[in-house]
**Q** 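Below you'll find the structure I mean.
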Amino acid sequence: MHADISRDTFRPERHYSAVIAQQGRVQLDADANEQAAIQLHQARTALSDLIGTHGGPSGATGFEVRFLGGSRELDDLSIGGGRYYVDGILVDATRPAPGVPVPDEDEAGDAATDPPATWTYWDQPDGHRDPERPGDRLPTRFPYLACLQVWERTVTAAEDPLLREVALGAAMPDTAARRKVVWQVVPVPGSELEVEDGATKDQVREAFAKWEAAQAPTARMAARSERPDRADEDPCLVRPDARYRGPENQLYRVEIHDGGPAGEATFKWSRENGSVTLPVDELDGTWVELGSVGNDDKLGLNVGDWVEFVDTAYTSRREPLPLLRVEELDLPGRRVRLSGEPDPSVGRRPELAPYLRRWDHRPGSRPAGSGRSRTAAPKSRGGALRIEEGVWLPLEDGVFVYFEAGRTYRSGDFWTVPARTATGSVEWPVDTARRPLLRPPHGVRVHRAPLAWVLGEGSVADLRLAFGPLAAPLPAADAEALAAEESAEQEALAAERAAEAGSTDPANGQIDQGRSEN
């Protein structure tokens with residue numbers, strides 16, 4: 001998540017069930033964030049165990065897909081409202097009803113038109129499909145699968161200004177960020193599933209499960225602070241040469257920009273977890289007018305910085321565009337000139353909240369302070385850095401990353417690397433010999449579920465699953481149970497009467513009397 005956090009301390013393998021606050025201690029953002037992560041992990045694991053990989057509640061199962069063809073220029077799908085769970089994540093397709101405004105006195109009393117009751121493929125809120133892009137259109141060859149894909153992303157005040165508390169003043173930074181569940185209905189061609197004609201629903205589900213498993217990212221990365229020569233010969237040699245030499249604590253974010261194999265993939269990095277964002281008010285060619293130039297020099301822009309022109313649609317589509325370089329600054333006018341005009345698909349609609357995201361790498365130059373390392377800085381392409389596998393690549397100030405050989409990469413996947421001045425090192429898991437361990441991406445994790453097998457116009461096979469409530473009325477007692485209950489009551493009554501008779505036995509009375517006389 002692109003948020004200004006100190007680090008991510010959630011480790012599911014540690015099996016922590018709660019974060020315990022202690023009196024008189026400093027409370028960090030990582031503590032509160034870990035508590036939220038623990039609760040989400042527990043809730044979603046329980047729901048997955050009960051529901052399975054996906055399913056919806058009976059009577060309110062969402063995402064019913066229907067084919068809308070006919071005379072329309074472009075085929076379309078309707079997406080029914082309701083709820084659905086994918087890997088324990090609640091996804092709601094209910095279309096919000098529009099508000100009713102107070103009419104103006106001068107307005108004519110025109111009859112209001114009823115809003116659409118459901119979403120469609122073309123207007124789904126997180127899909128941002130473009131009819132002008134052939135890749136966004138529904139397949140013309142049947143059959144194909146309507147697939148629901150779900151993931152989460154971070155939303156800050158740069159994208160949603162309502163998150164900012166205006167009472168704090170414009171000079172104050174924003175407060176907390178949010179995590180948003182993103183859902184998208186996308187087509188998967190039948191040829192990719194390798195399903196034979198006439199396949200049953202269960203066969204389609206099985207083919208989808210195999211296809212979905214193949215979509216998981218395979219990339220793995222490791223990180224370390226710089227080690228001196230001969231460190232492999234002496235693993236105990238870690239200081240003073242093996243140090244992170246940055247002046248401040250940082251959370252480095254290494255994010256895949258262009259996906260694909262190593263020869264095609266690129267990455268970018270930020271020392272602020274990619275959280276330095278500047279809202280855009282207006283775009284005029286290569287000149288960008290900003291809503292703010294940053295709260296200080298550390299969180300602003302400088303000539304030579306590489307930035308990503310971002311809006312809600314760009315983020316949701318996860319299709320990267322070339323990065324742009326800051327060529328000129330006009331601080332009084334809150335304007336910057338970029339090395340090129342942003343792509344026409346980004347930043348032209350104010351309702352999509354465009355902004356610039358700063359990245360901190362410097363392509364084509366060797367980072368300062370790489371010390372005794374013999375590893376050269378990675379080369380660049382499109383403003384990002386080429387991935388070179390099997391070697392340690394320097395970032396800055398003694399921080400290095402390593403990409404495992406023979407892997408493929410997916411745009412948007414990322415790793416975070418905390419660097420601390422107190423220890424002069426980065427926080428990264430190591431083995432007993434203190435060798436950095438390879439780790440899969442921290443995110444983004446995409447969850448998928450099959451919704452429908454579209455066979456042709458007007459022919460859709462529903463692949464959704466539904467579950468009923470666990471609670472049920474208490475069953476009425478049958479004759480055998482009533483007889484057993486009556487017998488038990490009679491036995492208890494007989495035992496009670498026997499006890500009363502024993503307490504008034506004459507013999508017992510004489511003994512008691514004799515004892516009294518003695």
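Quick note: numbers below take in every heavy atom, side chains included, and nothing from hydrogens, waters or symmetry partners. Being a predicted model, the structure only gives us computed values, none of them experimental.
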**Q** With a 4.5 Å heavy-atom cut-off, do Trp359 and His257 have their side chains touching?
**A**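 No. Closest side-chain heavy atoms not under 4.5 Å.
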**Q** Rounded to the nearest 0.5 Å, how far does OG of Ser191 lie from CZ of Arg141?
**A**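 Answer rounded to 0.5 Å: 6.5 Å.
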**Q** The criterion is salt bridge (charged side-chain N to carboxylate O under 4.0 Å, His left out); which residues satisfy it with Asp126, sequence neighbours excluded?
**A**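 Salt bridge (charged side-chain N to carboxylate O under 4.0 Å, His left out) list for Asp126, sorted by chain: Lys180.
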**Q** Name all residues meeting the side chain to side chain donor-acceptor pair (under 3.5 Å) criterion together with Thr61; count only those two or more places apart in sequence or in a different chain, and write none if there are none.
**A**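 Counting only residues at least two positions away or on another chain, Thr61 forms no side chain to side chain donor-acceptor pair (under 3.5 Å).
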**Q** For the side chain of Arg334 and the backbone of Leu290, is there at least one donor-acceptor N/O pair under 3.5 Å apart?
**A**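 Side chain of Arg334 to backbone of Leu290, a donor-acceptor pair under 3.5 Å: yes, one is there.
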**Q** I'd like a table of donor-acceptor pairs (distance under 3.5 Å, sequence neighbours excluded) in which one partner is a side-chain atom from residues 50-59, with atom names and distances.
**A**
unit_1	atom_1	unit_2	atom_2	d
His54	ND1	Tyr84	OH	2.8
Ser58	OG	Phe467	O	3.0

**Q** Please name all residues satisfying ring pair (Phe, Tyr, Trp, His ring centres under 6.0 Å) with Tyr16, sequence neighbours left out, ordered by chain then number.
**A**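 Checked Tyr16 against ring pair (Phe, Tyr, Trp, His ring centres under 6.0 Å); zero matches.
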**Q** Do Phe267 and Phe403 have ring centroids that are under 6.0 Å from one another?
**A**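 When the ring centroids of Phe403 and Phe267 are compared, they turn out to be within the sub-6.0 Å range.
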**Q** Please determine which of Asp130, Asp136, Asp343 meets the salt bridge (charged side-chain N to carboxylate O under 4.0 Å, His left out) test together with Arg317.
**A**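 Looking at Asp130, Asp136, Asp343, the match for Arg317 under the salt bridge (charged side-chain N to carboxylate O under 4.0 Å, His left out) is Asp136.
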**Q** If the condition is side-chain contact (heavy atoms from CB on, under 4.5 Å), which residues does Pro429 pass it with, not counting sequence neighbours?
**A**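 Checked Pro429 against side-chain contact (heavy atoms from CB on, under 4.5 Å); matches are Leu437, Arg439.
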**Q** Can you pull the salt bridge (Lys or Arg N to Asp or Glu O under 4.0 Å) pairs that have at least one residue in residues 185-202, sequence neighbours excluded?
**A**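 Every pair satisfying salt bridge (Lys or Arg N to Asp or Glu O under 4.0 Å) with a residue in residues 185-202: Asp202-Arg205.
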**Q** Would you mind writing out the side-chain donor-acceptor pairs for residues 350-357 within the sub-3.5 Å range, not counting sequence neighbours?
**A**
unit_1	atom_1	unit_2	atom_2	d
Glu351	OE2	Arg349	NE	2.8
Glu351	OE2	Arg349	NH2	3.1
Tyr355	OH	Arg357	NH2	3.0
Arg357	NH1	Gly274	O	2.6

**Q** List the residues meeting side chain to side chain donor-acceptor pair (under 3.5 Å) with Tyr314, not counting sequence neighbours, and say none if there are none.
**A**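 Tyr314 satisfies side chain to side chain donor-acceptor pair (under 3.5 Å) with Glu308 only.
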**Q** Would you verify whether the NZ or CZ of Arg129 falls within 45 degrees of the ring axis of Trp122 while also being under 6.0 Å from that six-membered ring's centre?
**A**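 No - Arg129 does not lie over the ring of Trp122 by the 6.0 Å and 45° rule.
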**Q** So does Gln27 have more than 12 non-hydrogen atoms from other groups sitting under 6.0 Å from CD?
**A**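 Enclosed: over 12 neighbouring heavy atoms sit under 6.0 Å from CD of Gln27.
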**Q** Please enumerate all residues that pass side-chain contact (heavy atoms from CB on, under 4.5 Å) together with Glu152, with sequence neighbours excluded.
**A**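 Result, side-chain contact (heavy atoms from CB on, under 4.5 Å) vs Glu152: Arg44, Arg179, Val181.
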**Q** Sequence neighbours excluded, which residues qualify as side-chain contact (heavy atoms from CB on, under 4.5 Å) partners of Arg335?
**A**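 Arg335: side-chain contact (heavy atoms from CB on, under 4.5 Å) contacts with Trp287, Glu289, Asp330.
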**Q** We want to know whether Asp92 and Thr94 form a side-chain donor-acceptor pair, criterion being a heavy-atom distance below 3.5 angstrom.
**A**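 Side chains of Asp92 and Thr94: pair found under 3.5 Å.
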**Q** Once you round to the nearest 0.5 Å, how far does OH of Tyr252 lie from CD of Glu272?
**A**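 So the OH of Tyr252 and the CD of Glu272 are separated by 9.0 Å.
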**Q** Mark yes or no for whether Thr266, through its side chain, and Asp258, through its backbone, hold a donor-acceptor pair below 3.5 Å.
**A**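 Side chain of Thr266 to backbone of Asp258, a donor-acceptor pair under 3.5 Å: yes, one is there.
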**Q** According to salt bridge (Lys or Arg N to Asp or Glu O under 4.0 Å), does anything in residues 56-68 pair up with another residue at least two apart or in another chain? List the pairs.
**A**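 Matches after skipping sequence neighbours: Glu64-Arg66.
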**Q** Not counting sequence neighbours, list each pair that qualifies as a side-chain hydrogen bond (donor to acceptor under 3.5 Å, both in side chains) and has a residue in residues 212-223.
**A**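 Counting only pairs at least two positions apart or across chains, the side-chain hydrogen bond (donor to acceptor under 3.5 Å, both in side chains) contacts touching residues 212-223 are Thr218-Thr408, Arg220-Glu404.
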